[in-house]
Structures are given as structure tokens and as C-alpha cells.
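Each chain gets a letter, A, B and so on, in the order its sequence line appears, and its residues count up from 1. What's counted below: heavy atoms across the whole structure, side chains too, no hydrogens, waters or symmetry copies.
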Amino acid sequence: MVIDCHVHLMCRPGETQTEAVARTLRCMDRLGIHQACICLGDCLVVQPDADELRRQNEWAASTVALAPDRFIGFVYASPNYPDLSLELIREYRERGFRGIKLWVCQLCDHAGNDPICELAAELGLPVLQHTWFKATGNMPTESEPRHLLALARRHPRVNFIMAHAGGDWERGLRLVQGQPNIIPDTCGNDPEAGFTELAVRLLGAERLVFGSDATGRSFASQLGKVVGADIPEADKRLILGGNLLGLMPS
Amino acid sequence: MTIDTNCHLGHWPFRKLEHADAEGLLRLMDRHGVDQAWVGAFEGVFYRDCGQANRDLLAGLAGHEDRLRPWATINPAFPAWESDLQEALAAGMAGVRLYPNYHGYALDDACVPELLTALGPSGTSGPTQPVPVAIYHKFVDERLHHWTCLVPPVAMTMKPLLQAFPQQAFLLCGCGMPHAQALAGTIRQGRVWLDISRLEGVEAVRLLIETVGLEHVVLGSHAPYFYMGAAHLKLVEAGLTEEELEAVRHNNASRPLSL
């Protein structure tokens, strides 16, 4: 069972949502990816207002509705709108969503994320948080792994999926290796050899989950990090789906 | 027959890479069904003395020349590059690799046409067709560079070069879809091939074929810096036909080298 924890459904110019879903499913089928977690909307908005948050979650919900056996929804929440975020998390959890997505509107150790994380703990939802450490410089509100480390220490009952493993994965993996409720994903940077082997060595195969960051990224390039790694097949099965199943409520 | 047009051997200074010697790369090739890889030297990216990097590369693949075809690193902005080129061609190296951003020049600098002239029929390479050239747009995502080595991507100002050297074969490595789209018209008219090592997006190889034409797309993995299998999975993801697979894996790559 291969599950991709990190997909954003975007349309190409002139393409409908239905066509984009069909293209995405076609590629997942070719690569043996059974399910994908969908979050955010049809475009990337760094500072979404309340209306945009609602609209992007509805986009994700309508995407999931087109293939409910293949897609899993993650609620897009924002520390800038904690009350609205709590409302959205409860609403979409009732509609079957199984995780929470936090992106780049604030550094993730922002106090506005505390009530969101408290609700995540109550509902048993994993939190997928964007992280990057860019040699070229982050956006002012773009979290580095150290910000997620601070948040994860404040909320030890929440499992945090560290998106992109911090981008600079050698730095990111080392920084969070001692924090057991941080689980890096595999996606969002080039398929640099050695990533998966290092993650397994530092964190263990139980603390890494497959994600692609499709549809901006290729499913294939990110899947290649796991399939091509020099690790036992049993470890690959955990990373490709087993671990994520254990993080999400049914 | 499958050809990987974008591989390296040797030592990368910022990370220990597995499979970076001849035996290791051959193991990867066997795992992924690759018959032949075109290889350059990691050291060539950083050495001032590219000739030494080329000699070390040749020594490292000795006995495996049937499957590992060496490409020479040349820095046309460095003094006496002509002797490096002569030595490489005399040793039978298959083509020339350029890393303009690591070697401190731009594609529109005067040294580039000087090199291309030397590669042509009246130059060092002799009376037949020009020696093929690979140009590396990006070796590493600039966001992931080591803090001592922040190298911008190469500005791919290809059009003047293609106009001035219409017979020259160019292999563009490490380009993404935006560059393919920007250069599409020029690529379709020239002897230009793009590798898929840094191509991203769902079904991206299909989109690349639609953008630049099937005959301009080649398999290149950027192994062992990248996982070799990532490029092969991109072909699966794109759902290529047998004819398209044959073109991308072999037929197109055979043209710049006249295999």
C-alpha cells in the first residue's frame, strides 16, 4: 500500500479540475501509488485571508469528492485565523479529512498555532508543516526545521509531518532526530542520493513518510528516493505507506 | 539498449556519494537496465586543472570503456584550455562538458564561440562533425548549495550559439520545464537535446515531448548525485509508448555521438 502524504492538485492552463484529477490518478496508477493526501487549493497564496482559506479547503474537498477512495483530505489551517481554523478543522474532520496542513503564513512556532495543535491532539490528527532551510534565504514567514522543533516540543501529543525534511535534509534530519513526534516526509526537493539512507540511519524507518509535493513536483522523482534507496524492503514498505496509516485516524 | 547521458564519477566535495566509482555506477546501471552511461568527473567541476580531472576519470574507468563513455571537462575561460581539449580528444573522450557557473564565465562570453570553433571541422577535432557539447544549467538546486559555494544557475542564452554553430550538437543538462518552454522554438530547429534529470511536475516528460518534440529528449539521471531510478520512474509516470521509450532511452542519444 503506497500512500503519498503530500499532494496539491493544480490544473494546467486550460485544464479543468476533473481533467487534472484524471491526469493525477493516471500517473498514480502507473507508479503504483494507491492514495494521496490532498491539501491547499488550486493556487499557492502565501497569506490567505479567511475567504481564501475557506475557498482552498473547498477546493481540496471537491478534489477528494471526485475520487474519495483515492484521495484523503488535509484541512488547511492558519495561525492568523485560529478561531476560523478550529471551525474548519472540526467541519472537515466530520467530512472525512484526516490531517491538518500548515504552510507559510507565519513561522510555525507562532502562538496562533497552539489552539490548532491542541485540537489536533484532541482529534488525533497529524499536522503537515512546511519547512525549508534555503541557502538563498527563506521568506520572512517561512519556517525552518528549528521552528517546527519548538512547536513540537510544546505539543508532544501531536505528530508533526515535517514537509520537505527541511529542504536541506542533512541539516533538517539532524536537527529533529531527537524529537520523536517529528516525522519528516520525502518530498519537495531534488532526488539527491543518500537522503533516505540517512533518514533511516538517524531516525529509523518508522519516522519517515513518503510524500511527493505533486503536482508541482513529479511523483516519480520523489518516489525514486525511496525505491532506489539501499535499505531493506520492509523499511521501504513502512516509509511508502505503513507509517502514515499509523499517524492518521480512520 | 538504454543510454544514460548524464552521470559522473569521482568525489563530490560536499557529500560522500555511494556508487561514485566505476564499479558502483555499473552496479546502479545493472539495477536499472542501463547499458551505457556518459560520464564526467565531479572533480572537473571544481579543479582549476581540468586536464587532471579528465586523466583521473580515464584512469578510473579503465577496463569499462564499453559501458562508461568519458566526456571531458573543459573550462574555456582558463588559460591553455586548448591543450586540455587536444589531450582529451586524443584519448578518445566522447564529448565536452561545460559548467559555466562553476568555472566563472557566461554562455555569451567570447570564450564559448572560441571553444565551439575549436570543436568544429576546422578546429582541433578534425574534419568530421563537431564534437558534442553538454552544458550544465544547474548541478545543484541553488537553495541547497553548501554555504561556501553559492552558485547561480547558468543563463541559457543558447540562440546566438545555435545560429553561429548550426552543426554543433548541444546536450542541455539540468534544465527544468520553464527553460524548455522558453527555448522550445530554438531547440526544435537545432541539434539540441535535453535530459530529464531535473524535470519536475506530474507527467512532465509527456509535457516536455509536446513542448520540444520527441526527438530532442534524452534519458539523463544525474546519477550518482541523484538516485538513478528517479529518471526512469519519470518515464513510467509519463506513460510513454514503446516507440517513445526507444527514442528517449536510446535513439535520440545516438545522434549527437553518431553511434
Identified side chain to side chain donor-acceptor pair (under 3.5 Å) partner of A:Glu142 from the options A:His147, A:His130, A:Gln106: A:His130

CZ (A:Arg174) with more than 12 external heavy atoms under 6.0 Å: no

Contact residues of residues 193-201 of chain A (partner chain B; heavy-atom separation under 4.5 angstrom): A:Ala193, A:Gly194, A:Phe195, A:Thr196, A:Glu197

Region of A:Asp230 that comes under 4.5 Å of a non-hydrogen atom in chain B: side chain

Under 3.5 Å side-chain donor-acceptor pair for B:His216 and B:Asn252: no

Among the listed options A:Gly216, A:Ala220, A:Gly167, A:Gly224, the residue most often paired with chain B at heavy-atom distances under 4.5 Å: A:Ala220

Sequence neighbours excluded, every pair satisfying salt bridge (Lys or Arg N to Asp or Glu O under 4.0 Å) that has a member inside residues 204-221 of chain B: B:Arg206-B:Glu244

Top contributor to chain B interface from A:Cys27, A:Pro191, A:Ser212, A:Ala135 [non-hydrogen pairs under 4.5 Å]: A:Pro191

B:Phe139 ring center near B:His222 ring center (under 6.0 Å): yes

More than 12 heavy atoms of other groups within 6.0 Å of B:Glu23 CD: yes

Ring centroid separation B:Trp147 to B:Phe14 under 6.0 Å: no

Under 3.5 Å side-chain donor-acceptor pair for B:Thr5 and B:Asp195: no

Heavy-atom proximity to chain A below 4.5 Å, by part of B:Val205: neither

Residue B:Glu203 versus chain A: region with a heavy atom under 4.5 Å: both

Chain A contacts, top residue of B:Ser197, B:Gly239, B:Ala231, B:Ala223 (heavy-atom pairs, under 4.5 Å): B:Gly239

Pairs meeting criterion salt bridge (Lys or Arg N to Asp or Glu O under 4.0 Å) with involvement of residues 223-238 of chain B, two or more places apart: none

Interface residue of largest heavy-atom contact number with chain A, from B:Ala230, B:Gly201, B:Ala204, under 4.5 Å: B:Gly201

Max heavy-atom pair count under 4.5 Å with chain B, selected residue of A:Asn138, A:Asp29, A:Thr24, A:Asp190: A:Asp190

Atom pairs and distances, side-chain donor-acceptor, residues 98-105 of chain A, under 3.5 Å, sequence neighbours left out:
unit_1, atom_1, unit_2, atom_2, d
A:Arg98, NE, A:Pro249, O, 2.7
A:Arg98, NH2, A:Pro249, O, 3.3

Per-residue contact mode, B:His19 against chain A (heavy atom under 4.5 angstrom): side chain

